[in-house]
Amino acid sequence: MAFIDTSSRSSNNQNAASQKSNPLYIMLLTLVATLGGLLFGYDTAVVNGAEKSLVDFYIKNITDPQYRDYAVSMIQQYKVLMVLVLCVVAAIISAQMIRLLGAKKGGITCGVIFLIIIAWAFGFVSKAIPV
């Protein structure tokens, strides 16, 4: 039993109205799904007791002074990963800016943003890790 009239007798106004999408609704739906996934992951790690075993496996060796080389390499890898994720996010935002502002204005704006990110990234990655 269908509640939507799918026959070809429906008017053109109804077809046009049913084909329009609401971007705000889609963005809010995506935001809710993202927050749900984040909270589910937090719930799994903290409430169910997996946090202690994760800390023992990943963080316990970093805080021990005899594993300093391991800790430094782990922190350096984390810094590089942060820069890569930031560049991916900046690329996604840049693509949207080019769509909104056009190729010339959007390209110039994105170029400036990437130059700022690259300058920050070199300083961030090359900064010495304190002992």
Side-chain angles (χ1 to χ4, degrees):
M1 175 173 9
F3 294 106
I4 299 172
D5 184 19
T6 57
S7 66
S8 60
R9 290 179 282 161
S10 62
S11 68
N12 289 335
N13 291 339
Q14 287 178 344
N15 285 338
S18 67
Q19 290 178 354
K20 288 184 180 178
S21 63
N22 188 351
L24 180 62
Y25 175 74
I26 293 172
M27 287 174 50
L28 289 174
L29 188 65
T30 305
L31 178 68
V32 168
T34 303
L35 289 175
L38 176 73
L39 292 175
F40 178 74
Y42 180 80
D43 181 46
T44 302
V46 176
V47 176
N48 292 336
E51 181 185 16
K52 185 176 182 329
S53 61
L54 291 172
V55 168
D56 288 344
F57 186 73
Y58 288 108
I59 298 175
K60 190 175 182 182
N61 289 340
I62 291 177
T63 58
D64 193 0
Q66 78 181 34
Y67 295 109
R68 184 186 186 288
D69 294 335
Y70 173 74
V72 169
S73 70
M74 178 81 71
I75 292 170
Q76 192 66 25
Q77 290 172 9
Y78 174 74
K79 289 166 95 176
V80 169
L81 184 65
M82 261 183 63
V83 168
L84 290 175
V85 168
L86 180 66
C87 287
V88 168
V89 169
I92 293 169
I93 291 172
S94 296
Q96 293 300 320
M97 288 179 68
I98 289 173
R99 284 182 68 193
L100 291 174
L101 299 175
K104 188 174 183 179
K105 284 183 182 179
I108 292 171
T109 305
C110 297
V112 170
I113 290 173
F114 271 109
L115 287 175
I116 292 170
I117 289 174
I118 288 170
W120 172 82
F122 277 120
F124 180 70
V125 171
S126 64
K127 185 184 276 188
I129 298 170
V131 178

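The first residue of the sequence shown is numbered 1, and numbering continues consecutively from there.
With sequence neighbours excluded, the residues that form a salt bridge (charged side-chain N to carboxylate O under 4.0 Å, His left out) with D56 are K52. Remark: T30 pairs with I26, T34 by the side chain to side chain contact (heavy atoms under 4.5 Å, CB included) rule, at least two apart or across chains.
Through side-chain heavy atoms spaced under 4.5 Å, either directly or across other Ile, Leu, Val, Met, Phe, Trp or Tyr residues, F114 is tied to no other residue. In this structure, I98 shares a hydrophobic cluster with no other residue, the cluster being traced through Ile, Leu, Val, Met, Phe, Trp and Tyr side chains under 4.5 angstrom apart. Side-chain contacts under 4.5 Å among hydrophobic residues (ILVMFWY), followed directly or transitively, place V32 with no other residue at all.
When hydrophobic clusters are built by joining Ile, Leu, Val, Met, Phe, Trp and Tyr residues whose side-chain heavy atoms come closer than 4.5 Å, directly or via intermediates, I108 is not grouped with I113.
Annotation: F122, atom CZ; neighbour count of heavy atoms from other residues, nucleotides and ligands within 6.0 Å does not exceed 12.
Note that CD of Q96 and CG of L101 are 11.0 Å apart. Values are rounded to the nearest 0.5 Å.
In plain terms, the two heavy atoms of K105 and T109 that are nearest each other are O-OG1, 2.8 Å.
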Residues 75-93, side-chain donor-acceptor partners within the protein, below 3.5 Å, at least two apart:
from	atom 1	to	atom 2	distance (Å)
Q76	NE2	V125	O	3.3
K79	NZ	F124	O	3.2
K79	NZ	K127	O	3.0

